[in-house]
Amino acid sequence: MDDINFFDKVYQVARLIPVGRVTSYGAIASYLGTKGSSRMVGYAMQAAGKVVPKVPAHRVVNRQGLLTAKFHFGGNLMAELLESEGVQVKDDQVQDFKTVFWDPNIELAL
DNA sequence: CGAGTGACCCTGG
DNA sequence: ACCAGGGCCACTC
């Protein structure tokens, strides 16, 4: 359980997401080099809630900017957290997604 | 060891 | 342009 693996990598990148910004599963997967494992990124988030330090999974959304993880958080907790950080969310959808979008391949480039 | 699952993405019609 | 389906990798039982 304490061993490092693909999951930890996802958690690290997710924790690097600045406040007020959001990223997509595919972006993280691509940054890790496993673009095909985009699904695994989301799967890792499922365990993120039980990992420490707590991972801001609420800052991770799908390619459309839709709060898919919201169903797992329970209620609109995810949207509340994002709005609390300055991210505008409407109808479980991130507004100006391309503006608040934080791509590790670009921000963490090099 | 084998099979199933998953908070996705891409391609085809 | 829209809707639908399949595929991919890693982890768990």
Side-chain angles (χ1 to χ4, degrees):
Chain A
M1 296 288 234
D2 308 294
D3 301 297
I4 58 172
N5 40 32
F6 188 86
F7 275 47
D8 264 8
K9 289 190 165 192
V10 177
Y11 303 144
Q12 297 212 13
V13 177
R15 277 179 284 156
L16 290 171
I17 301 172
V19 181
R21 299 285 186 235
V22 292
T23 188
S24 61
Y25 303 93
I28 298 172
S30 181
Y31 178 70
L32 298 177
T34 54
K35 182 184 169 197
S37 299
S38 50
R39 305 181 73 186
M40 259 288 79
V41 179
Y43 192 81
M45 290 296 157
Q46 186 187 54
K50 62 184 233 178
V51 177
V52 292
K54 197 163 69 182
V55 181
H58 60 272
R59 291 183 193 159
V60 184
V61 296
N62 66 349
R63 243 340 188 183
Q64 304 176 6
L66 184 70
L67 306 187
T68 49
K70 182 176 199 199
F71 298 96
H72 293 264
F73 272 81
N76 57 341
L77 177 62
M78 188 172 180
E80 293 287 305
L81 291 169
L82 288 171
E83 291 186 322
S84 181
E85 295 190 338
V87 179
Q88 296 181 339
V89 181
K90 178 97 184 217
D91 189 40
D92 303 344
Q93 203 169 253
V94 179
Q95 300 302 288
D96 299 313
F97 177 62
K98 61 182 181 68
T99 302
V100 298
F101 181 63
W102 182 81
D103 190 344
N105 295 289
I106 298 174
E107 304 299 328
L108 301 180
L110 347 169

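In what follows, chains are A, B, ... by sequence order, proteins preceding strands, each numbered from 1. These figures come from a predicted structure and were not determined experimentally.
Under the 30°/60° scheme for interplanar angles, the aromatic rings of A:Tyr11 and A:Phe7 are found to stand perpendicular.
Rounding to the nearest 0.5 Å places CG of A:Leu67 at 10.0 Å from CG of A:Asn76. Taking CG of A:Asp103 as the start and CZ of A:Arg21 as the end, the distance is 12.5 Å to the nearest 0.5 Å. The CD atom of A:Gln64 sits 7.5 Å away from atom CD of A:Gln93, with the distance rounded to the nearest 0.5 Å.
Non-hydrogen atoms lying under 4.0 Å from DNA chain B are contributed by nothing in residues 94-101 of chain A. Heavy-atom distances under 4.0 Å link DNA chain C to no residue of residues 83-92 of chain A.
Taking the side chain as every heavy atom from C-beta outward, A:Ser30 and A:Asn105 approach each other to under 4.5 Å. Proximity of A:Pro104 to A:Thr23: side-chain heavy atoms (C-beta onward) are separated by under 4.5 Å at one or more points. For the pair A:Met40/A:Phe6, a side-chain contact is recorded, criterion being any heavy-atom separation below 4.5 Å from C-beta on. A 4.5 Å side-chain heavy-atom check between A:His58 and A:Lys70 finds every atom pair outside the cut-off. Residues A:Gln88 and A:Asp96 have side chains in contact (heavy-atom distance under 4.5 Å, counting atoms from C-beta outward).
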I'd like a table of atom pairs between the protein and nucleotides 5-7 of chain B - only N or O on both sides, under 3.5 Å - with the distance next to each one.
from	atom 1	to	atom 2	distance (Å)
B:dG6	N7	A:Arg39	NH2	3.3
B:dA7	OP1	A:His72	NE2	2.9
B:dA7	O5'	A:His72	NE2	3.1
B:dA7	O4'	A:His72	NE2	3.3
B:dA7	N6	A:Met45	O	2.6
B:dA7	N6	A:Gln46	N	3.3
B:dA7	N3	A:Tyr25	OH	3.3

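Going from atom NZ of A:Lys50 over to atom P of C:dC11 covers 12 Å, rounded to whole Å. Taking atom NZ of A:Lys9 as the reference point, atom C1' of C:dC9 lies 14 Å away to the nearest angstrom. Taking atom NZ of residue A:Lys35 and atom P of nucleotide B:dC8, one finds them 16 Å apart after rounding to whole Å. Here B:dC8 presents its P atom at 12 Å from CG of A:Leu67, a figure rounded to the nearest Å. As rounded to whole Å, 21 Å separates atom C1' of B:dC8 from atom OH of A:Tyr31.
When each of A:Phe7 and A:Ser38 is assigned the nucleotide of DNA chain C with its nearest heavy atom, A:Ser38 is the one assigned upstream, toward the 5' end.
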After noting the C-alpha distance and the side-chain angles of A:Val61 and A:Leu66, does the key distance pass the side chain to side chain contact (heavy atoms under 4.5 Å, CB included) rule? CA-CA 6 Å; A:Val61 296; A:Leu66 184 70; over 6 Å; no

Step by step, work out the side chain to side chain contact (heavy atoms under 4.5 Å, CB included) result for A:Ile106 and A:Phe101. CA-CA 11 Å; A:Ile106 298 174; A:Phe101 181 63; over 6 Å; no

